[in-house]
Amino acid sequence: WLFFQHGGVGPMFGQFGHFFKYAKDKCDHPYPVQRYTTEAKRLLAVLDVQLTGRDYLADEFSIADIATFPWVRTMDSGYGAEDVVPMADYPHVKAWLERCTARPSFQVGKDVTS
């Protein structure tokens with residue numbers, strides 16, 4: 001699952017964010033946003049299946065969760081894409097994301113500024 005994040009979630013969610021939020025005014029063609037929206041939804045569907053009946057990607061909280069959940073969280077908190085990629089469509093991912101962000105270490109870390 002760490003490789004799934006490394007080869008799929010990270011790059012595809014990053015491309016989605018780039019074209020959806022940061023390069024809106026630089027690319028007037030709809031293809032990039034459509035392409036990466038579709039791919040983000042596909043990856044979320046895979047995660048949703050994996051998280052069915054389990055709390056974390058590898059059953060116990062692991063580096064796979066630590067590497068993946070911030071990307072999933074970014075869809076709304078960083079990119080403001082909840083209307084385009086609604087987490088409600090992925091109930092197991094949504095519950096997992098809530099578990100991950102409720103962890104005390106995340107609560108401490110999210111408020112750290114550089």
How close do [X] and [Y] get, heavy atom to heavy atom, and via which atoms?
X: Tyr90; Y: Ala45; result: CE2-N, 3.7 Å
X: Val93; Y: Leu44; result: CG2-O, 3.6 Å
X: Val84; Y: Lys41; result: O-CE, 3.2 Å
X: Glu39; Y: Met12; result: CG-CG, 3.4 Å
X: Thr74; Y: Pro70; result: OG1-O, 2.7 Å

Spell out, yes or no, whether Val49 and Leu51 are grouped together once hydrophobic residues are joined by side-chain heavy atoms under 4.5 Å, including indirect joins.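 Val49 and Leu51: separate clusters.
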Starting from Leu43, can I reach Phe3 by hopping between I/L/V/M/F/W/Y residues whose side chains sit under 4.5 Å apart? no
Return yes if some donor-acceptor pair links the side-chain N/O of [X] with the main-chain N/O of [Y] below 3.5 Å, else return no.
X: Arg103; Y: Arg99; answer: no
X: Gln50; Y: Leu57; answer: yes
X: Thr68; Y: Asp65; answer: no
X: Lys21; Y: Gly78; answer: yes
X: Gln107; Y: Thr101; answer: yes

Between atom [atom1] of [X] and atom [atom2] of [Y], what is the distance when rounded to the nearest 0.5 Å?
X: Asp48; Y: Trp96; atom1: CG; atom2: CH2; answer: 10.5 Å
X: Lys110; Y: Ser77; atom1: NZ; atom2: OG; answer: 10.5 Å
X: Arg35; Y: His29; atom1: CZ; atom2: NE2; answer: 14.5 Å
X: Tyr56; Y: Phe61; atom1: OH; atom2: CZ; answer: 6.5 Å
X: Ser62; Y: Leu2; atom1: OG; atom2: CG; answer: 8.0 Å
X: Cys100; Y: Asp55; atom1: SG; atom2: CG; answer: 9.5 Å

Counting only heavy atoms from other residues, nucleotides and ligands, does the tally under 6.0 Å from CG of Asp25 exceed 12? yes
Test side-chain contact (heavy atoms from CB on, under 4.5 Å) on Met75 and Glu82; report intermediate values, then the result. CA-CA 7 Å; Met75 293 303 277; Glu82 178 63 24; over 6 Å; no
Taking the six-membered ring for Trp, are Tyr79 and Phe20 ring centroids under 6.0 Å apart? no
Give the ring-plane orientation class for Phe19 versus Tyr36, where under 30° counts as parallel, over 60° as perpendicular and anything between as tilted. parallel
Just wondering, do Trp1 and Ile63 contact through their side chains at under 4.5 Å, heavy atoms?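 Not in contact.
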